[in-house]
Enquirer: 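What follows is a single structure, and I will ask about it in a moment.
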Amino acid sequence: MPSSKLAKWLPGREIRIRRLERKLSQSAVGRFVKRSDQTVSKWEHGEKCPDVGQMWPLAEYLGMDDELRAYMIQIARNEHEQNFQADRRFNALCLSMAERSNGLILKWETYFIPGIAQTRAYHFDFVKVGSNGTDEQANRGWAFKKERQKALLERTDNPQVKLLISVTAIESLRHISEEARQEQIDRLSELDALRNWEIRILDTMYPEGAHAFSVYKPEGAEFGSPPFVYAEVWDASWCIEERDRIARYDELWQLLWGKSIPLREFLNE
């Protein structure tokens with residue numbers, strides 16, 4: 001596949017976040033791997049990627065777990081070949097980091113409430129049941145969603161978050177208990193009331209093939225990701241970085257958004 005800007009961006013974001021959590025300067029990190037603070041700054045801005053010899057000690061120094069360290073090493077190893085073969089888990093890590101970093105987050109969901117807006121009851125009583133997953137998978141999935149929700153809501157720079165949800169996803173709430181259903185509706189209403197969030201419902205036909213997707217754009221955020229679209233099916237997911245394809249998703253988003261109605265209006269009908 002072509003060179004992935006996301007694969008070069010993610011290590012820098014991990015380095016910066018973990019450096020700040022440990023109250024380390026760029027100079028301190030640079031001294032640890034015998035590089036300048038300017039080099040560390042380039043890593044954090046996604047301009048360069050540490051090489052394998054630097055990434056090994058960095059991952060240990062900054063407390064990356066085994067899974068993340070393996071991805072960071074793989075990225076560093078392939079950066080010079082301008083090739084990184086992403087998998088579903090890596091793509092999920094990219095969207096999670098984009099939710100912590102980008103200024104604009106757009107999500108269209110056809111059958112589910114978006115993960116960043118789900119309640120625990122909805123996740124376990126609906127998503128888990130529908131996917132036929134194991135308890136271990138469900139627990140791991142909920143922990144990941146909780147982490148994403150917490151990180152996004154704790155941001156102080158007010159990213160613009162727009163959720164577009166098919167009426168099918170809302171109607172499917174009938175499959176869970178009345179208490180769980182009301183809890184999920186209340187959660188959506190709480191998020192919609194935030195000044196930087198907007199939730200709308202699409203209660204009409206939409207183009208065939210317009211499956212769920214998310215659009216992430218930096219929109220002025222200093223450490224935002226390169227623009228990309230996240231899409232998935234049952235057995236695979238993609239982080240789409242090509243400009244022309246992102247533009248087509250933008251057009252589809254505008255079409256769907258223009259047909260939708262505000263959540264408050266939908267709930268009051």
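Note that the structure is predicted; figures quoted are calculated from it, not measured. Along the sequence shown, the residues carry numbers beginning at 1.
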Enquirer: Using 0.5 Å steps for rounding, measure from the CG atom of N91 to the CD1 atom of I240.
Expert: 10.0 Å

Enquirer: Within the side chain of S172, is there an N or O that forms a donor-acceptor pair under 3.5 Å with the backbone of A169?
Expert: yes

Enquirer: Any non-hydrogen side-chain atom of M55 less than 4.5 Å from a side-chain atom of P11?
Expert: yes

Enquirer: How far apart are the closest heavy atoms of Y71 and F90, and which atoms are they?
Expert: OH-N, 3.4 Å

Enquirer: Taking ILVMFWY side chains as joined if any heavy atoms are under 4.5 angstrom apart, and letting links pass through other members, which residues group with F124?
Expert: W142

Enquirer: Would you find a donor on one side and an acceptor on the other, under 3.5 Å apart, between the side chain of E241 and the backbone of F228?
Expert: no

Enquirer: Can you find a heavy atom in the side chain of L62 that is under 4.5 Å from one in the side chain of E14?
Expert: no

Enquirer: Check whether W108 reaches the backbone of A210 with its side chain - one donor and one acceptor, N or O, closer than 3.5 Å.
Expert: yes

Enquirer: Under the 3.5 angstrom rule, does the side chain of R22 hit a backbone N or O of R18 as a donor-acceptor pair?
Expert: yes

Enquirer: Could you go through the side chain to side chain donor-acceptor pair (under 3.5 Å) check for E232 and H211 one step at a time?
Expert: CA-CA 9 Å; E232 63 179 80; H211 304 301; over 6 Å; no

Enquirer: So does V127 get a backbone contact from the side chain of S131, meaning a donor-acceptor N/O pair under 3.5 Å?
Expert: yes

Enquirer: Answer yes when E265 and R200 have at least one side-chain N-carboxylate O distance shorter than 4.0 Å, and no when they do not.
Expert: no

Enquirer: Does a salt bridge link E183 with R120, judged by any charged N lying under 4.0 Å from a carboxylate O?
Expert: no

Enquirer: Are the side chain of T39 and the backbone of R35 linked by a donor-acceptor contact shorter than 3.5 Å?
Expert: no

Enquirer: Please assess K128 against H123 for the test side chain to side chain donor-acceptor pair (under 3.5 Å), listing each intermediate value before the final yes or no.
Expert: CA-CA 6 Å; K128 175 181 179 292; H123 171 81; over 6 Å; no

Enquirer: Looking only at non-hydrogen atoms, find the nearest pair between S260 and L164 and report the distance.
Expert: CB-CD1, 3.4 Å

Enquirer: Where do E198 and Q160 land on the side chain to side chain donor-acceptor pair (under 3.5 Å) test, with the steps shown first?
Expert: CA-CA 8 Å; E198 185 175 1; Q160 294 301 302; over 6 Å; no

Enquirer: Sort and list the pairs that fulfil ring pair (Phe, Tyr, Trp, His ring centres under 6.0 Å) and have at least one residue in residues 247-269, not counting sequence neighbours.
Expert: F213-Y249, W253-W257

Enquirer: So, does R69 use its side chain to make a donor-acceptor pair with the main chain of A59 at under 3.5 Å?
Expert: no

Enquirer: So do V215 and P227 actually touch side chain to side chain, heavy atoms under 4.5 Å?
Expert: no

Enquirer: Does E154 use its side chain to pair, donor to acceptor, with the backbone of A151 at less than 3.5 Å?
Expert: no

Enquirer: L188 and side chain to side chain contact (heavy atoms under 4.5 Å, CB included): which single residue from I201, I170, T119, L267 fits?
Expert: I170

Enquirer: Do K8 and I75 have side-chain heavy atoms sitting under 4.5 Å apart?
Expert: no

Enquirer: Run the numbers on Y216 and E99 for side chain to side chain donor-acceptor pair (under 3.5 Å), then give the verdict.
Expert: CA-CA 8 Å; Y216 298 94; E99 289 163 359; 3.0 Å; yes

Enquirer: Side-chain contact, heavy-atom cut-off 4.5 Å: F112 with T168?
Expert: no

Enquirer: Is it the case that the ring center of F223 lies less than 6.0 angstrom away from the ring center of W9?
Expert: no

Enquirer: Could you check whether R16 pairs with E44 (Lys NZ or Arg NE/NH1/NH2 to Asp/Glu carboxylate O, under 4.0 Å)?
Expert: yes

Enquirer: Going through the distances and angles, do S214 and V229 end up as a side chain to side chain contact (heavy atoms under 4.5 Å, CB included)?
Expert: CA-CA 6 Å; S214 300; V229 172; over 6 Å; no

Enquirer: Do any pairs count as a ring pair (Phe, Tyr, Trp, His ring centres under 6.0 Å) and have a residue in residues 11-39, sequence neighbours left out, and if so which ones?
Expert: F32-Y61

Enquirer: Under a 4.0 Å N-O cut-off, is there an ion pair linking K217 with D250?
Expert: yes

